[in-house]
Protein chains: 2
Amino acid sequence: MLRLSKFADYGTQVMAYMAKDGAVHSASEVAAGLGMAASTISKILKMLARENLVESVMGAKGGYMLGRHPKNISIAEIIYAMDGPISITECSGTSACTRESLCSTRGSWQGINRIIQEALEKESLAEMIKPRHHDTRNHIAEHHIVDISAIRSRGKSA
Amino acid sequence: MLRLSKFADYGTQVMAYMAKDGAVHSASEVAAGLGMAASTISKILKMLARENLVESVMGAKGGYMLGRHPKNISIAEIIYAMDGPISITECSGTSACTRESLCSTRGSWQGINRIIQEALEKESLAEMIKPRHHDTRNHIAEHHIVDISAIRSRGKSA
DNA sequence: TGAAGTGGGACTATTTTAGTCCTAGTTAGT
DNA sequence: ACTAACTAGGACTAAAATAGTCCCACTTCA
C-alpha cells in the first residue's frame with residue numbers, strides 16, 4: 001500500500017513531541033506524553049539517537065533532547081532513521097532485474113523516487129508542528145488517504 | 001522502507017509487457033515472457049482485470065489484452081489495482097489518532113501524499129516503456145535507490 | 001551505593017505479503 | 001457433444017517483514 005512503517009510514523013510523533021522545547025525528556029516521559037508503551041518509545045529514541053536526530057544524556061536525570069533546530073530536520077531524515085533508505089522500488093543495485101531490456105521500464109521509478117524524496121526533504125519538522133500547514137491548497141477534510149476514485153472512474157469509462 | 005509491494009512491481013511489468021501490442025496474451029504466455037511462475041502472473045492479471053486495466057477474453061484462445069491505450073493508463077492506477085489506495089499514512093478516517101492536538105502534526109502528510117500521488121498519476125504506461133525517460137535530469141546510474149548520504153552528512157555536522 | 005537513566009541487542013509475536021492450488025465457468029475446435 | 005485451453009474467484013499455505021518486549025551492561029546523580 002505504499003505506506004510508511006509505523007516506526008516512521010512514531011518517529012515523527014516523537015520528534016514533534018521533542019520539538020516543543022529544547023529540554024531533556026526521558027523515554028518514559030515521552031511515552032506517557034504520547035500514550036504509548038515505554039519500551040517502544042525507548043526503541044524509537046535509540047534509533048533516532050543513532051542518526052543524531054536526538055542527543056542522548058546518560059545517567060539519572062538523563063534522557064533525550066532534539067539534536068538541532070526543528071527547521072533543520074527534515075521528514076526524510078526521520079524516515080531514514082527509522083526505515084532506512086527511501087526507495088519505492090526493490091531492485092537496488094543487486095540487479096534483481098531478469099532482463100536488461102525490461103529494466104528500461106523501471107527508469108521511470110527513478111524520477112518518481114526523486115519526487116518523493118524531494119517532497120520528504122523539503123518538509124521540515126518545524127513546518128510539521130505548525131498548527132496549519134504552509135501549503136494551503138485544498139486539504140482533504142477527514143482523511144489522509146488520497147481520493148483515487150476519480151482515477152478509478154476514469155478507468156471504467158475508457 | 002516506503003517501498004512498493006512486489007505485486008505493484010510485477011503489475012507494472014505485466015502491463016509493460018502487454019503494452020507492446022494490442023494483442024491477446026494468455027497468462028502462461030506472459031509468465032513465460034517475463035520468466036515468472038504462471039500462477040503468480042495469473043493472479044496479477046486477474047487483479048488488473050478487476051480494475052479494467054486489462055480486458056479478459058474467456059475460453060480457448062482467450063487471454064488478456066490492454067484495456068486502453070498506454071497513454072491513458074497511469075502508474076497510479078496500476079498501483080491502486082495491486083495494492084489499494086495510495087496513502088503514506090495509516091490513520092485514514094478511522095481516527096486512530098490518540099490526540100487531536102497531535103494530529104496537527106500529520107497535516108503535512110496530506111501534502112506529501114498529494115505530491116506522491118500526482119507524480120504517480122502523471123507518469124503513464126506509455127512513458128514508462130519508452131527507452132528513455134522524458135525527464136532527463138540526472139539519473140542515478142546503477143541504483144534505483146535514492147542517495148540519502150547527503151542528508152545524513154548534513155545531519156552529522158549540524 | 002542505589003535509583004534513574006541510556007545503549008545495544010536478542011527474542012517473540014503479529015501482521016503483511018507472496019505464492020500455490022482447486023473448482024467452476026467459458027469458448028474454440030473437432 | 002466432447003475435449004482442450006483458457007479465465008474467475010477464492011481458499012489456503014508459506015515466507016518475510018514489522019512491531020513490540022525484555023534483558024543485561026554501563027553511566028550519572030544524589
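Below, chains carry the letters A, B, ... as their sequence lines are ordered, and counting in each starts from 1.
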Looking at CD1 of B:Ile44 and CZ of B:Phe7, how far apart are the two atoms once the value is rounded to the nearest 0.5 Å?
5.5 Å
Value in whole Å for how far the P atom of C:dA13 lies from NZ of A:Lys6:
18 Å
Whole-Å distance separating the CD1 atom of A:Ile41 from the P atom of C:dG5
15 Å
On DNA chain D, more 5' by nearest nucleotide between A:Ser42 and A:Gly59 is A:Ser42
Short side-chain N/O contact to C:dA18 OP1/OP2 from B:Ser5, under 4.0 Å
yes
Whole-Å distance between C:dG19 P and B:Tyr10 OH?
4 Å
Would you please confirm or rule out a distance under 4.0 Å between OP1 or OP2 of D:dC6 and any side-chain N or O of B:Ser56?
no
Please confirm whether the shortest side-chain N or O distance from A:Ser26 to OP1 or OP2 of C:dA4 is below 4.0 Å.
no
Here the pair of heavy atoms bringing B:Gly11 nearest to B:Ile78 is C-CG2, 3.8 Å
Whole angstrom is fine here: how far is it from CD in B:Glu55 over to P in C:dT27?
14 Å
Which nucleotide, C:dG7, C:dT20, D:dG9, lies nearest any side-chain atom of B:Arg50?
D:dG9
In whole Å, I'd like the distance from the CE atom of A:Met58 to the P atom of C:dT6.
10 Å
Find the distance between CG (A:Leu4) and CD1 (B:Ile88) and round it off to the nearest 0.5 Å.
5.0 Å
When the distance from NZ of B:Lys43 to P of C:dA18 is rounded to whole Å, what number comes out?
9 Å
Rounding to 0.5 Å, atoms CZ (B:Arg68) and CD (B:Glu77) come to a distance of 4.5 Å
Please report the distance, rounded to the nearest Å, between CE in B:Met82 and C1' in C:dT16.
15 Å
Taking the side chain of B:Ala60 as heavy atoms from C-beta outward, which of C:dT6, C:dA4, D:dA4 is closest to it?
D:dA4
Round to a whole Å and report the spacing from CZ of A:Phe7 to P of D:dT21.
10 Å
Quick one: do the B:Tyr17 and B:Glu29 side chains pair a donor with an acceptor below 3.5 Å?
yes
Taking donor-acceptor contacts at under 3.5 Å, does the side chain of A:Lys61 reach the base of C:dG5?
no
